[in-house]
Chemist: 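One structure coming up, written as C-alpha cells, with questions to follow.
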Amino acid sequence: MDDLGHHGELSANMVGFGRLLRKHGVKVGPGEEHDALRALNLIDLSLAESFRHSIRTTLAKSKTEQEIFDQYFDSYWNVWDRAMEMNRPGTEEESRDTPGREKSGKHSTPGLQHWLSGNSDTSGEQEAAGYSPLLVKTRRDFQAFEKDELQEVVRIIRALGKRLASRLSRRRVPSSKPRTIDLRRTLRLGMRHGGEWMELAHKKRRTQKLNLVLLCDVSRSMDLYNQFLLLFLLAFQRAFHRMETFVFSTSLHRVTETLQSNNIEEVLTRLSEEIPVWSGGTRIGASLDSFVETYGPAVLDRNTVVMIMSDGWDTGEVDRLESALKEIRKRSRSIIWLNPLMGSPDYQPETRGMKAALPYLDILAPVHNIESLRRLGRELINLQR
Amino acid sequence: MLKTDISRFHNLLEQQHYIADESIATALFLAEALRKPLLVEGPAGVGKTEIAKVLASALDTDLIRLQCYEGLDVHSAMYEWDYQRQLLHLKLDEGSGKTTEERSASIFGEEFLFKRPLLQAITHDRAPVLLIDELDRADEEFESFLLELLSEWQITIPEIGTIKAGHQPYTVITSNRTRDLSDAVRRRCLYLWIDYPDFDKELAIVKGKVKGIEEGLASEICRFMELVREQKLEKTPGVAETLDWARALAALHHHHLDAAIIEQTLGLVFKNWTDTQQVKESLADFLERLGVRSKFS
C-alpha cells in the first residue's frame, strides 16, 4: 500500500468518522481529529485494539461519548477496511437515524424527548432567533402550546437558562468575610501611622456559589411542567455549585446521577425509565420527611436553596408536611415552592398542603410559562448575593 | 524521542495489577507522546490516582499532587506569601534607614514564598507529573484558570513577575463525576474512563495486594463485590473498600464468608447507613447467589 495514499485516505476517513460521531452527539472538532491522526502515527497499528483505543481517547471525551463511539466504530471502520481492500475510499454510514431511543418507558409521557430526538440538532445550541415575535409565547401556559411549537419553546428555555447562568458569574460580588492578609495594602495603610500597622488589610474573597436541592412531585398532573422546569435547570445549573435532584409521589427517590449529562435527550429518557408510574396521589409530607431524614445531613446547609415543585395536592398527613418544612427551613438558606397552578390569576392556595406549607416558604412562585422561568432564574440569581 | 514505548506502560500497569488494560496503556502512552493532559474519570475508589503514579514511575520523574476541594481558590493552588517572616523581616529592618519602597522590595524574594503544587510543578528541575486530583470538587472559576495554565504554562506573581515553566509538566486530571466538568477542559485533554474492575481484575488486585490471602476467600470476596455493585447504592464501594475488607478478613483468619461474618464487617465496605440496611436486607439473596457454605455444613 502506498504510504501517502494510505495516509491521505486515512485522513479523509477520519474526517468522515468525525462527521458521523458529530451527527450522533459527540462533539468532535478538527482539533480532536488532528490529535487522532497524530496518535495513529505514533502507535504500533499491528496491535488490534491500539487503533480503537488511540482514536477513542482522542475523540470521545466522556463516558457517554465513549458509548456512542463504541456503537459506531466497528461498522464504520470495518466498512472502510473492506473498501480499502476493494481499493475505494469507504463511505460513511449514511443517515442511520438514532436507533430506537423511544423506549416505551414506564412513564408514557408524550415526552419532551420525543420532540427533541425527532428533529434534534444535537450539534451545538442555537440561540433563540427573533425573540420579539415570541414575546407572546413567553406568557402562554406550556400546556397551551401545539406540539409543533414545543420545539421552539425548548430552544428558548435552554438559551434562557444559559444566559442567566452566565449573567450570574459576571455579577458575583466580593464577600465581606475576611480572608488572607493583603500585605501590600497593609504596608500602605501603615504609612498613615508612620510605619506602624494599626490595621490589617484583607484580600476580598469571591462569593461561593449556592447549592440547589430540587424536589419534584411527579404525580400525573405535573408532567409537562416538570419537564420544562428540568430543562431550564439543566441549562441553568452552571449557576450552582451542586444540584441534587429528587422526585417523589408516594415515596422519595434520588435521581441526581441520572441528571449528570449534558445531553438533555438522554437525561429525559433515563428519567422516564427510572421513575415508576405511581398511582394513588401524592404524599408530600411523608416524602419530605423521608428526604430530611435520609439526605438532610448530607445536602442541607446554609449555602443550599431548596426548591419544591408541586401543586400541593396532598393525600397524606399535613402535620408531617409542616414539620418537614420547618426542619428544612431551619437547616437551609431558603425554600422556594413552585406551583404551576399559580399561573392562573384567580388561584388561591386552598389545598390543605399549600395552606400548611405557606408560612415556611420564602418564595412561592408559578412555573407555567417561559416568563415564570425567567423570573425564577432572576430570583435565584438574587439569592446569591 | 519518547522515553518510553507502550510496553513499559504495560509492565508497570501489570505491577499495579491492571491486567491487560490496553486502553490505559494507550492513553498514558499518548499523554506522553502528544504532550496533552489526560482526564481520568470514573466512580470513586477505582484507582484513578494510581494511574498518575504509574505515569510518574514510567517516566522516571516526580509526582506533584494538587488535591482539589470545594472552595479551592487559585491562590492556594499556586503560592502563598510567608506573612510572618515578611512582617518579622520588616520589623527588624526598621532602624535601617531604608525607604518604604526598598523595604517592600526586600520582602518579595523567593525565601518568603511558599510554593504550592502548581508553582512547584512549573519550577521543577525536570518535567514532573502534575496530578490534579478530583477537579470536580473545585469550581468553574478554578477550571478556567487551570485551562489557561495548561496552555500558557506560566504563572504571574504580581510582586515578582511572570514565571514560565522550565519543563512542561505531564498532567493528569481526575474526576469523580460529582459534577460535570466543562467542555473546554474535556476537549483539551485525552480521555480515559475507569470503571469498577470486573471479577478477574479485582481478584488479581486482591491477591496482589493482600499477601497470603487464600484463593477461596479472595474469590468469594470478589464475587460478593460484583453482586453488590449490581445494586443501586448511594455510595457504591470501590476497590479501596474491597481491599480493606479483604485485609480485615485475612487478618481475622477467616477462610470463607458467611452471614455472620459479613454482617459484622459490613462497616468496612459500606460507608452509608442506607446502603448498609439495603445490603442487610438482601443478604440472604446474595449468599444464595454466592453459593456460600452455611457455617453448619
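Throughout, a chain's letter reflects where its sequence line sits, starting with A, and its residues are numbered from 1. All values derive from a computational prediction rather than experimental measurement.
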Chemist: Quick one: what part of B/Asn272 sits under 4.5 Å from any heavy atom of chain A, side chain, backbone, both or neither?
Modeler: neither
Chemist: Where does A/Thr58 contact chain B at under 4.5 Å (heavy atoms): side chain, backbone, both or neither?
Modeler: both
Chemist: Evaluate side-chain contact (heavy atoms from CB on, under 4.5 Å) for A/Thr294 paired with B/Trp273, printing each intermediate quantity in order.
Modeler: CA-CA 9 Å; A/Thr294 319; B/Trp273 187 81; over 6 Å; no
Chemist: Heavy-atom count around B/Glu110 CD within 6.0 Å, excluding the residue itself: above 12?
Modeler: no
Chemist: If you round to the nearest 0.5 Å, how far is OG of A/Ser62 from CG of B/Leu39?
Modeler: 9.5 Å
Chemist: Given a strict heavy-atom distance threshold of 4.5 Å, which part of A/Arg242 is in contact with chain B: side chain, backbone, both, or neither?
Modeler: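 For A/Arg242, the contact with chain B is made by the side chain alone.
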Chemist: Just wondering, are more than 12 heavy atoms of other shown residues or ligands nearer than 6.0 Å to NZ in B/Lys235?
Modeler: no
Chemist: State which residues pass ring pair (Phe, Tyr, Trp, His ring centres under 6.0 Å) with B/Phe112; sequence neighbours excluded, sorted by chain then number.
Modeler: B/His89
Chemist: Has the side chain of A/Lys61 got a donor or acceptor atom that lies under 3.5 Å from a matching backbone atom of B/Cys189?
Modeler: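 Yes.
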Chemist: Could you tell me the separation between the NZ atom of A/Lys63 and the CD1 atom of B/Ile194, rounded to the nearest 0.5 Å?
Modeler: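 The NZ atom of A/Lys63 sits 11.5 Å away from the CD1 atom of B/Ile194.
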Chemist: Determine the minimum heavy-atom distance between A/His241 and B/Ala138, stating which atoms define it.
Modeler: NE2-O, 4.3 Å
Chemist: Near B/Gln67 CD, under 6.0 Å, is it more than 12 heavy atoms from other residues, nucleotides or ligands?
Modeler: yes
Chemist: Are side-chain heavy atoms of B/Leu30 and A/Asp35 found at a separation under 4.5 Å?
Modeler: no
Chemist: When you look at CD of A/Glu67, are more than 12 heavy atoms from neighbouring residues, nucleotides or ligands closer to it than 6.0 Å?
Modeler: yes
Chemist: Counting only non-hydrogen atoms closer than 4.5 Å, does B/Leu190 touch chain A with its backbone (N, CA, C, O), its side chain (CB onward), both, or neither?
Modeler: both
Chemist: Heavy-atom pairs under 4.5 Å with chain B - which of A/Gly31, A/Ala60, A/Ala298 has more of them than the others?
Modeler: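 Highest number of pairs under 4.5 Å: A/Ala60.
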Chemist: Taking the side chain as every heavy atom from C-beta outward, state whether A/Glu65 and B/Arg186 have any pair of such atoms under 4.5 Å apart.
Modeler: no
Chemist: Quick one: does A/Thr57's side chain have a donor or acceptor within less than 3.5 Å of a partner on B/Tyr191's backbone?
Modeler: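 Yes.
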Chemist: Which of the residues B/Glu41, B/Arg179, B/Arg187 is involved in the greatest number of heavy-atom pairs with chain A at under 4.5 angstrom?
Modeler: B/Arg187
Chemist: Can you see which heavy atom on B/Ala33 is nearest to which on A/Leu42, and at what distance?
Modeler: CB-CD1, 3.4 Å
Chemist: Under the ring pair (Phe, Tyr, Trp, His ring centres under 6.0 Å) test, which residues partner A/Phe246, sequence neighbours left out?
Modeler: A/Phe291, A/Tyr295
Chemist: Less than 4.5 Å to any heavy atom of chain B: does that hold for the side chain of A/Thr256, its backbone, both, or neither?
Modeler: neither
Chemist: Using 0.5 Å steps for rounding, measure from the CG atom of B/Asp180 to the CE atom of A/Met243.
Modeler: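 Reported to 0.5 Å precision, the distance equals 11.0 Å.
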